[in-house]
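Report on the following structure.
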Amino acid sequence: MKELEARIKEDGRVLGADILKVDSFLNHQIDPKLMQAMGAEFARLFKDQDITKVITVEASGIAPAVMAGLSLGVPVVFARKSKSRILSDDAYTADVYSYTKQRSNQIRIDKRFLSAADNVLLIDDFLANGQALLGMKALADEAGATIVGAGIVIEKSFQPGRQAAIEAGLTNIHSLAKIAAFEDGQVIFDDLD
Ligand code: G4P
């Protein structure tokens with residue numbers, strides 16, 4: 001998506017060998033117009049697939065997922081990472097290991113919000129090691145829901161996330177920007193599929 005690539009070039013900052021900081025429009029401050037355009041693009045990429053629900057993981061997946069849900073006209077459920085006293089125990093759960101934070105989080109979705117009748121689209125902000133995507137897949141599998149595909153805002157193609165997702169049986173993965181490499185602090189994009 002040209003608009004997203006342009007924004008990454010303009011506002012993204014490369015940290016170290018493999019991290020792209022995009023907190024001015026995606027991970028901290030959010031650009032609603034860009035999110036809306038991305039939601040419309042996800043809806044175009046996954047049209048005619050009878051999607052009943054969009055699933056994501058808090059926190060940074062929520063903004064693009066909500067905009068995708070708005071464009072598709074379906075509810076959005078975000079898996080929660082923390083257990084609070086008001087969260088029901090009747091939940092699907094999965095463990096997600098974060099390589100960047102080097103710790104595991106349990107993610108959970110209340111059983112009221114996901115069922116075998118659902119056709120779900122998985123959305124996330126980054127595809128790096130694929131752990132978040134695998135966690136969402138585990139929740140959907142536990143519910144008996146059908147996964148129609150996965151929509152990613154920024155994929156780092158030089159990391160193993162896509163391969164891990166494919167090996168786990170996920171198909172129909174579309175990213176809005178694919179990063180092939182970072183060279184001297186510059187972002188090199190891959191062609192989109
Ligand atoms: P995964 O997202 O593919 O599972 O890979 P990984 O375990 O490496 O990612 C852990 C966290 O770091 C995820 O966020 C992911 O979105 C984020 N991340 C991975 N690579 C980058 C990057 O290059 N730039 C930025 N900004 N984030 C990256 P999270 O822990 O779920 O955080 P949040 O959603 O609460 O913000």
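This is a predicted model, so every value here is computed, not measured. Counting convention: from 1, in listed order, for ligands and their atoms alike.
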Protein non-hydrogen atom found under 4.0 Å from atom 11 (C) of ligand 1: yes
Contact bool for atom 14 (O) of ligand 1 (protein heavy atom, d < 4.0 Å):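 Flag for atom 14 (O) of ligand 1 set to false, no protein heavy atom closer than 4.0 Å.
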For Gly12 against Val22, the heavy-atom pair lying closest together: CA-CG1, 4.1 Å
Can you report which non-hydrogen protein atom sits closest to [atom], along with the distance?
| atom | answer |
| --- | --- |
| atom 32 (O) of ligand 1 | Lys101 NZ, 3.4 Å |
| atom 19 (C) of ligand 1 | Ala128 CB, 3.7 Å |
| atom 5 (O) of ligand 1 | Asn129 N, 3.1 Å |
| atom 17 (C) of ligand 1 | Thr100 OG1, 4.1 Å |
| atom 23 (O) of ligand 1 | Lys156 NZ, 2.7 Å |

Assess [X] for proximity to ligand 1: is some non-hydrogen atom of it under 4.0 Å away?
| X | answer |
| --- | --- |
| Ile19 | yes |
| Lys81 | yes |
| Asp18 | yes |

NZ/Lys111: more than 12 non-hydrogen atoms of other groups inside 6.0 Å: yes
Test log, rule side chain to side chain contact (heavy atoms under 4.5 Å, CB included), inputs Lys178 and Arg162: CA-CA 11 Å; Lys178 286 173 88 170; Arg162 179 179 285 258; 3.9 Å; yes
Glu10 bridged to Arg7 by N-O distance under 4.0 Å: no
Residues Asp31, Lys33: salt bridge by 4.0 Å N-O rule: no
With the side chain counted from C-beta on, respond yes when [X] and [Y] share a heavy-atom pair under 4.5 Å apart, and no when they do not.
| X | Y | result |
| --- | --- | --- |
| Phe182 | Ile188 | no |
| Val54 | Phe42 | no |
| Lys47 | Leu72 | no |
| Gln102 | Tyr97 | yes |

Report yes if some N/O of [X] lies less than 3.5 Å from some N/O of ligand 1; otherwise report no.
| X | answer |
| --- | --- |
| Val57 | no |
| Gly130 | yes |
| Leu20 | yes |

From Ser98, Ala59, Gly135, Ser60 - option closest to atom 36 (O) of ligand 1 by heavy atom: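 That would be Ser60.
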Candidate with minimal heavy-atom separation from atom 2 (O) of ligand 1, of Tyr99, Tyr97, Phe126, Phe78: Phe126
Within one Ile-Leu-Val-Met-Phe-Trp-Tyr cluster: Leu34 and Leu45, side-chain cutoff 4.5 Å: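 Yes; Leu45 is reachable from Leu34 via cluster members.
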Proximal atoms of ligand 1 relative to Gln131 (non-hydrogen, under 4.0 Å): 1 (P), 3 (O), 4 (O)
Per-atom contacts, ligand 1 versus Ala132 - under 4.0 Å to a heavy atom: 4 (O)
Thr56 side chain vs Ile123 backbone, donor-acceptor pair below 3.5 Å: yes
Per-residue contact class, Asn27 against ligand 1 - non-hydrogen pairs under 4.0 Å: side chain
